[in-house]
K.L.:
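There's a structure below that I have some questions on.
Both counts, for ligands and for their atoms, begin at 1 and track the order of listing.
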Amino acid sequence: MLGPNRYGKAESRVVRIVRDTARHEIRDLNVSTSLYGDFAAAHTHGDQSQVLPTDTQKNTAFAFAKLHGIASPEDYAIALGTRLLDATPAAEGAVVRVEEYAWDRIPVNGFGHDHAFVRRGGEVRTTAVEVTSAGAAVSSGLEDLVVLKSTGSEFKGFLRDDYTTLPDADDRILATALRARWHYRPGAQPDWTTTYESVRALLLETFATTYSRALQETLYAMGRAVLAAHADITRIGFAAPNKHHFLVDLEPFGLDNPGEVFIAADRPYGLIEAEVLREGTT
Ligand SMILES: O=c1[nH]c(=O)c2[nH]c(=O)[nH]c2[nH]1
């Protein structure tokens, strides 16, 4: 038997320039769409009559960047998902995932240039919208928010067995490339961008100011801070690689090393994942 299935166009790179004035704006997105529903005939009988081609989905992503603009990734994804669902009778749902890459104006003589931009490093803003007849379920997030604190972090008192070699750490570097995704309550229509910026600021501030007994405790504190400040958000999930920094033994060179020189290991890394939910939600 055919099991669950979905199909769509992954990673359309949609760049939208707003050029109504000499001072241009840029939005740079990576857009993935998919449809699910009753597409059994396409799998069992090669019948494409209910299949809106992935090529059409891609075209719609570009057309909607022109027609609707990109006020925010969330607004754009809701509009696109609604259109794809409406256009496809067999579809029960449309899922639109967006990553946004940020560009800053290049400073020239102290002012941001009108039409020359420099890509902001690393961090990506994300959204995932699922549109069904019940409405749009929206989650938003970020990836690769790389943060480090050079003290204020320990890891000790852990379970030990025959294979444990890790010593207690009273004062270590804590670093991660954070992935976070938060879910809005059904029907919420906050200012998506203001909320994104507020959540990002709360994550950073909590990371900075919370003494960490483990990355697990830090994630939980960050999640609680977000839920406390945003009634529209029902849960937030994290994936945080523990980017280990090991103290280098400088004794062979007659040097002490009181937490000053580290080797940054890129792998393996601890991978700490957690969700924080508002009570009464699942
Ligand atoms: O914050 C941490 N959590 C762990 O679960 C763990 N395990 C480990 O080896 N180091 C760390 N650090």
Side-chain angles (χ1 to χ4, degrees), residues 99 120-128 139-183 195-230 233-253 255-282:
E99 297 179 349
R120 203 178 301 162
E123 182 189 340
V124 174
R125 175 178 172 179
T126 62
T127 189
S139 62
S140 298
L142 48 79
E143 286 174 17
D144 280 331
L145 183 65
V146 183
V147 288
L148 178 151
K149 56 199 291 182
S150 52
T151 189
S153 163
E154 65 177 43
F155 186 68
K156 59 188 187 186
F158 41 82
L159 181 64
R160 289 189 152 81
D161 72 2
D162 290 346
Y163 298 105
T164 305
T165 56
L166 187 73
D168 278 349
D170 283 314
D171 184 5
R172 65 174 187 171
I173 286 181
L174 183 65
T176 190
L178 190 68
R179 175 145 53 93
R181 173 170 299 286
W182 52 94
H183 298 256
T195 308
Y196 172 82
E197 280 161 4
S198 165
V199 171
R200 181 182 184 280
L202 280 166
L203 295 174
L204 290 176
E205 194 181 306
T206 309
F207 177 83
T209 58
T210 305
Y211 182 82
S212 176
R213 287 176 293 191
L215 190 45
Q216 285 91 329
E217 185 180 37
T218 298
L219 295 183
Y220 185 56
M222 293 196 291
R224 283 172 55 91
V226 170
L227 294 183
H230 290 280
I233 296 177
T234 56
R235 62 194 166 98
I236 179 167
F238 299 102
N242 191 357
K243 293 166 78 75
H244 302 301
H245 289 68
F246 298 111
L247 206 59
V248 179
D249 179 8
L250 298 178
E251 260 183 38
F253 321 120
L255 300 169
D256 66 350
N257 188 8
E260 291 176 319
V261 180
F262 296 83
I263 181 164
D266 73 337
R267 63 189 79 173
Y269 47 87
L271 182 58
I272 315 297
E273 299 174 278
E275 284 205 31
V276 187
L277 320 178
R278 194 176 296 289
E279 260 176 78
T281 59
T282 50

K.L.:
Using a 4.0 angstrom limit on heavy atoms, which residues are close to ligand 1?
P.N.:
Phe155, Leu166, Arg172, Ala214, Leu215, Gln216, Asn242

K.L.:
Measure across Asp171 and Ser150 and return the closest heavy-atom pair with its distance rounded to 0.1 Å.
P.N.:
OD1-O, 4.2 Å

K.L.:
If only atom types and distance count, is the side chain of Lys149 paired as donor or acceptor with the main-chain N or O of Phe207 below 3.5 Å?
P.N.:
yes

K.L.:
Can you list everything that forms a side chain to side chain donor-acceptor pair (under 3.5 Å) with Ser139? Sequence neighbours excluded, please.
P.N.:
Arg181

K.L.:
Sort and list the pairs that fulfil ring pair (Phe, Tyr, Trp, His ring centres under 6.0 Å) and have at least one residue in residues 260-280, not counting sequence neighbours.
P.N.:
none

K.L.:
Output all residues satisfying salt bridge (charged side-chain N to carboxylate O under 4.0 Å, His left out) with Asp144, sequence neighbours left out; order by chain, then residue number.
P.N.:
none

K.L.:
Would a distance-only check, ignoring hydrogens and angles, find a side-chain to backbone donor-acceptor pair under 3.5 Å from His245 to Arg172?
P.N.:
no

